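Written out below as structure tokens is the structure these notes cover.
Residue numbers start from 1 in every chain, and the chains themselves are labelled A, B, ... in the order their sequence lines are given, proteins ahead of strands. For clarity, every value in this text was computed on a predicted model and none was experimentally measured.
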Amino acid sequence: MTAGQGRASGPRGDAPPSEQTPLSGPVRLRFAPSPTGYLHVGGARTAIYNDLLRQSLGGAFVLRIEDTDRVRSDEAMTRQIEEALRWSGVAWDEGPFLQSERLPRHVAAAERLLAADRAYYCFCTTEQLDPLRREAEQQGRTFRYPRTCAHLPAGEVARRRAAGEPAAVRFRMPDAPVSWHDLVRGEVEFPAEALDDFVLLRSDGTPTYHLSVVVDDVEMRIDLVLRGEDHVSNTPKHIRLFEALDASLPRFGHLPLILGPDKRRLSKRTGATSVEEFRAQGILPEAFYNFLALLGWSPGDGRELMSRDELIAAFSLDRVSNAAAVFDPEKLLWMNGQYLWKLPLPDLLARVKPFAEAAGLGAHVDTPLFAAAVGLQQLRARTLVELAEQLQPYFTSELAYDEAASRKYLGTAGLPALLGELAARWAALDEWKKERLEESLRALATERGVKAAALIHPVRMALSATTAGPPLFDLVAALGREETAQRLERYRRSLAALSAQ
RNA sequence: GCCCCCAUCGUCUAGCCCGGUCAGGACGCUGCCCUUUCAAGGCGGUAACACGGGUUCGAAUCCCGUUGGGGGUACCA
């Protein structure tokens, strides 16, 4: 390639010189997922970065569903995506627009290009092209469409079309390298040899992705395209199309991909990959947003726990990494815990509610015990699902005690009797308050010459069937007089039975 | 195969552009403290510049190569 970069035979001059100017607003940007099921974390992060930019620079965020070529554009899937975005905290200003509904405009654009001779009919079939492709590969060359139909006489084209011969429409790719200043990766250039006369309209008349995106971006006056790295190699095509359509070029930025723990492209095989799944796991949206914002970007000052507003204030594309990042679910869990622990109780109650209902605790959700239990377990759960699970013992008296632990407790002589005595004293308390409960238990321990802990642990087992949990007297206070008495009695019998064996 | 890109603790990363602090922070793992347990919290520890050549008084930082990884290579999006 000798042409030297820059200037070239591009019909309207070349891509603008690399603008080093920092991004300033307002911007019109878009997020354009294809409705292939659920919103992927990679897509979610792209949406979040667009959201961050839109919020910090002003302008508009356009949501467009790229549903061309979908067997049927499933409305449910579109709703799914909207819902996932809304949950994530991504705010869009316009849309969602369905690309499938804009097909006529795409076709019209192709016709304009045809009329301007920037595109041409191609009668070659896939069957004809495939062997050439393989041959090129074997010879170590990049395959390019040989332009068999690029210069057919107008008469022949008209005749063959009139005869009903199927024809695709191909873009006449200018024979020059394409370069642009990518907002995240800097100067990018593709040699002319790597560029092909790609298809605009399939032989069935439907537009391809490339045509649709560019036409839509033009008509929606998008001036900033921020998308995944998998689109880098499409960008030269798009740039040429913008030019051929006499449209001004948007700025482009390409985000590195998100990898799974196996360092390969994130897949369902290695864990959750969709926004839906994280939501169902009891991940908090603000933690999710925060975490994803930090996957491939950092403010540079060591901050990690950041609200959306803080992220908006600190975000800039030039600090986005250009290396792929591995998604670490462990760290997400940690971050989620950080958010969960700081939630005000009423807020947390509202959020666990659906999870508690799913866990079969629907009947208790509005009780004082429920609120108390959530408060006691808050610091002990990292997700809403964990929290809901931990609530279970508060509402079931049919606890399954840990036998090994129980045997250990029996090392304290006369433990069943001691528990009986404790139950009696507690039952006689005038005030069911943790301070009174604790005094009473400690007094009993002192009188009988045992350590308080020798009583505390069995009581915890009696009340919650677990060896771990919130401070005991908080637990007793929350459970209430009646429930505590019943559980102590039940455990006392169970212990007595165990020691009799 | 070919084109493009990437490379700092196991992971996310700061530092790189403008060569010169024990290569800093976070997750994880781990020790201690706190404590009736478990968490949370506090104080420590563990662990990285992929490799090889240059350039330089001096390289994680600049250049070349190798290796490894990723993306693309469609009448998919």
So, under a plain 3.5 Å distance rule, would you say the side chain of A/D301 forms a donor-acceptor pair with the base of B/rA14?
no

Taking 4.0 Å as the cut-off, does a side-chain nitrogen or oxygen of [X] come that near to OP1 or OP2 on [N]?
{"X": "A/S298", "N": "B/rA14", "result": "yes"}
{"X": "A/R303", "N": "B/rC12", "result": "no"}
{"X": "A/R170", "N": "B/rC75", "result": "yes"}
{"X": "A/R185", "N": "B/rG71", "result": "no"}
{"X": "A/R264", "N": "B/rG70", "result": "yes"}
{"X": "A/R202", "N": "B/rA77", "result": "yes"}
{"X": "A/R133", "N": "B/rC75", "result": "yes"}

Which whole number of Å gives the distance between the [atom1] atom of [N] and that of [M]?
{"N": "B/rC63", "M": "B/rG44", "atom1": "P", "value": "38 Å"}
{"N": "B/rU46", "M": "B/rG70", "atom1": "P", "value": "33 Å"}
{"N": "B/rC27", "M": "B/rA74", "atom1": "P", "value": "45 Å"}

Does the side chain to side chain donor-acceptor pair (under 3.5 Å) test come out yes or no for A/Y120 and A/R172, once each step is laid out?
CA-CA 7 Å; A/Y120 58 89; A/R172 223 182 265 290; 5.9 Å; no

For A/W334 and A/N336: C-alpha separation, side-chain torsions, deciding distance, then whether side chain to side chain donor-acceptor pair (under 3.5 Å) applies.
CA-CA 5 Å; A/W334 164 79; A/N336 201 59; over 6 Å; no

Run A/H254 and A/R185 through side chain to side chain donor-acceptor pair (under 3.5 Å) and show every step you take.
CA-CA 7 Å; A/H254 292 91; A/R185 23 179 65 211; 5.7 Å; no

